[in-house]
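All remarks here apply to the structure that follows.
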Number of protein chains: 2
Amino acid sequence: MVDYQERFDIIIKKLKDNGHKITPQRIGVIKIMAGSEGHPSVEKVYEQLQNEFPTMSLATVYRTVLLIKSLGEALELGFPDGSNRYDANKPYPHPHVICVKCGKIIDPDISSLQDMQQEIADETGFKILTHRLDFFGICSDCPS
Amino acid sequence: MVDYQERFDIIIKKLKDNGHKITPQRIGVIKIMAGSEGHPSVEKVYEQLQNEFPTMSLATVYRTVLLIKSLGEALELGFPDGSNRYDANKPYPHPHVICVKCGKIIDPDISSLQDMQQEIADETGFKILTHRLDFFGICSDCPS
DNA sequence: ATTTTAATTGAGAATGATTACTATTTAGTA
DNA sequence: TACTAAATAGTAATCATTCTCAATTAAAAT
């Protein structure tokens, strides 16, 4: 888990540097996304902001998430069922371990991924830009 | 690339064994999906069947793909932009290398994935069921 | 501190991929 | 050949996401 305040400041600065306005709604969304370890969905972010911003539009959350993503400050995780979840705490590609029962997502430590990427590049002739690695299973809190 | 005829026969047999009827439409869909190396989308399968079945419904392709998937004979690859592509030639989890320009998908050989899965299980306490590993980049046929 | 202006917002409509529905057709069995 | 449950075609419904547009507002200029 990267320091929340640091991530918050970086994202706010990036918005300013690119000429975007700092609105209360954006601050609210970024507060949640920069500090969240749980890889929240847009709906979850929206729900968490209902107390502070009762009249906030769901579209605003979508727009803000899209903006942060386009600035490279959030990682989007799309799943086969169509759901999307986001990580603005560690916005660079990294592996995930996902519980198929409760939806929990954790970030494991893996050593050998960099070697693998080079191996792939050599074998296929591709210029590799990014990657995605997810493991699906059942966590120790859920009945298997 | 697994032998086309073998995959075709296996999928047809699985349908029969589970009490599903063998219709011309299903044969058409399976013919394409069992032999295709290009990981086609539902739309692509539908287009390729237009000559043989001009009145076929897109819904039928969706239903057939869903059925094959539920029988474990097709792998679904969902992407962040919402598109889905399928592999019924190699229906078990395996890595992909995807060109972000032209959409080409190829299957590289990777050695160390099994070790990695065990490492993850030990570290997180998860019972790992499946995984997904994709590399995104630009292929040697596309201008970079 | 006001004014100005372009960006942002809220609310709801539009979109697009997928699934559900229903009357009709058909595969597989006797 | 007839029977019956399953499958199909065509279309409507769904649902997450994006778009539209009038009203609001952040931030720069005065």
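Computed from a prediction, not measured in an experiment: that's the story for all the values here. Within every chain, numbering begins at 1; the chains are lettered A, B, ... in the order of the sequence lines, protein sequences first and strands thereafter.
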The residue, Gly19(B) or Ala59(B), whose nearest nucleotide of DNA chain D is more 5′ is Gly19(B)
Between Lys13(B) and Asp9(B), is a salt bridge (charged side-chain N to carboxylate O under 4.0 Å, His left out) present by the stated rule, with each step listed? CA-CA 6 Å; Lys13(B) 181 173 189 315; Asp9(B) 293 344; over 6 Å; no
With respect to the phosphate group of dA7(D), does any side-chain polar atom (N or O) of His20(B) fall under 4.0 Å of OP1 or OP2? yes
DNA chain C contacts made by residues 64-73 of chain A, counting heavy atoms under 4.0 Å: none
Between C1' of dA17(C) and CZ of Arg85(B), the distance in whole Å: 16 Å
Test Arg26(A) against Thr60(A) for side-chain contact (heavy atoms from CB on, under 4.5 Å), laying out the working first. CA-CA 8 Å; Arg26(A) 285 180 173 167; Thr60(A) 297; over 6 Å; no
Taking atom CG of Leu71(B) and atom CD1 of Ile10(B), what is their separation to the nearest 0.5 Å? 13.0 Å
Would you tell me if any nitrogen or oxygen in the side chain of Asn84(B) comes within less than 4.0 Å of OP1 or OP2 on dT18(C)? yes
Side chain of Arg63(B), base of dA9(D): donor and acceptor closer than 3.5 Å? yes
Arg7(A) side chain to Val2(A) main-chain N or O, any donor-acceptor pair under 3.5 Å? no
Is it the case that the base of dG10(D) and the side chain of Ser57(B) share a donor-acceptor contact (distance under 3.5 Å, atom types as modelled)? yes
Tell me the interatomic distance from Tyr62(A), atom OH, to dT8(C), atom C1', rounded to whole angstroms. 19 Å
Using a strict 4.0 Å threshold on nitrogen-to-oxygen distance, state whether Lys101(A) and Asp141(A) make a salt bridge. no
Per Thr55(A) side chain, nearest of listed nucleotides dT9(C), dT19(C), dA11(C): dA11(C)
To the nearest Å, give me how far apart CG (Asp17(A)) and P (dA27(D)) are. 13 Å
Toward the 5' end of DNA chain C, which comes first, Ile22(B) or Glu43(B), by nearest nucleotide? Glu43(B)
Per Thr60(B) side chain, nearest of listed nucleotides dA27(C), dT8(D), dG10(C): dT8(D)
OP1 or OP2 of dT8(D) less than 4.0 angstrom from a side-chain nitrogen or oxygen of Thr23(B), does that happen here? yes
Using the rule that two of Ile, Leu, Val, Met, Phe, Trp, Tyr join whenever any of their side-chain heavy atoms come within less than 4.5 Å, decide whether Ile32(B) and Met56(B) are in one cluster. yes
Decide yes or no for Asp109(A) and Glu123(B): does some side-chain heavy atom of the first lie under 4.5 Å from some side-chain heavy atom of the second? yes
Does Gln25(A) put a side-chain nitrogen or oxygen below 4.0 Å from OP1 or OP2 of dA26(D)? no
The side chain of Arg26(A) is closest to which nucleotide in this list: dA26(D), dT8(C), dA5(D)? dT8(C)
Nearest-Å distance, CE (Met56(B)) to P (dA7(D))? 13 Å
Whole Å only: how far is the CG atom of Asn18(B) from the C1' atom of dA6(D)? 14 Å
Are side-chain heavy atoms of Asp87(B) and Glu37(B) found at a separation under 4.5 Å? no
Mapping Leu58(B) and Lys21(B) to their closest nucleotides on DNA chain C, which lands nearer the 5' end? Leu58(B)
Contact class for Pro54(A) vs. all strands (heavy atom < 4.0 Å): base, sugar-phosphate, or nothing? nothing
Rounded distance in Å - OH (Tyr46(B)) to P (dA17(C)): 13 Å
Given atom CG of Leu15(B) and atom C1' of dG28(C), what is their separation to the nearest angstrom? 14 Å
Mind calculating the distance between NZ (Lys16(B)) and C1' (dA6(D)) to the nearest angstrom? 16 Å
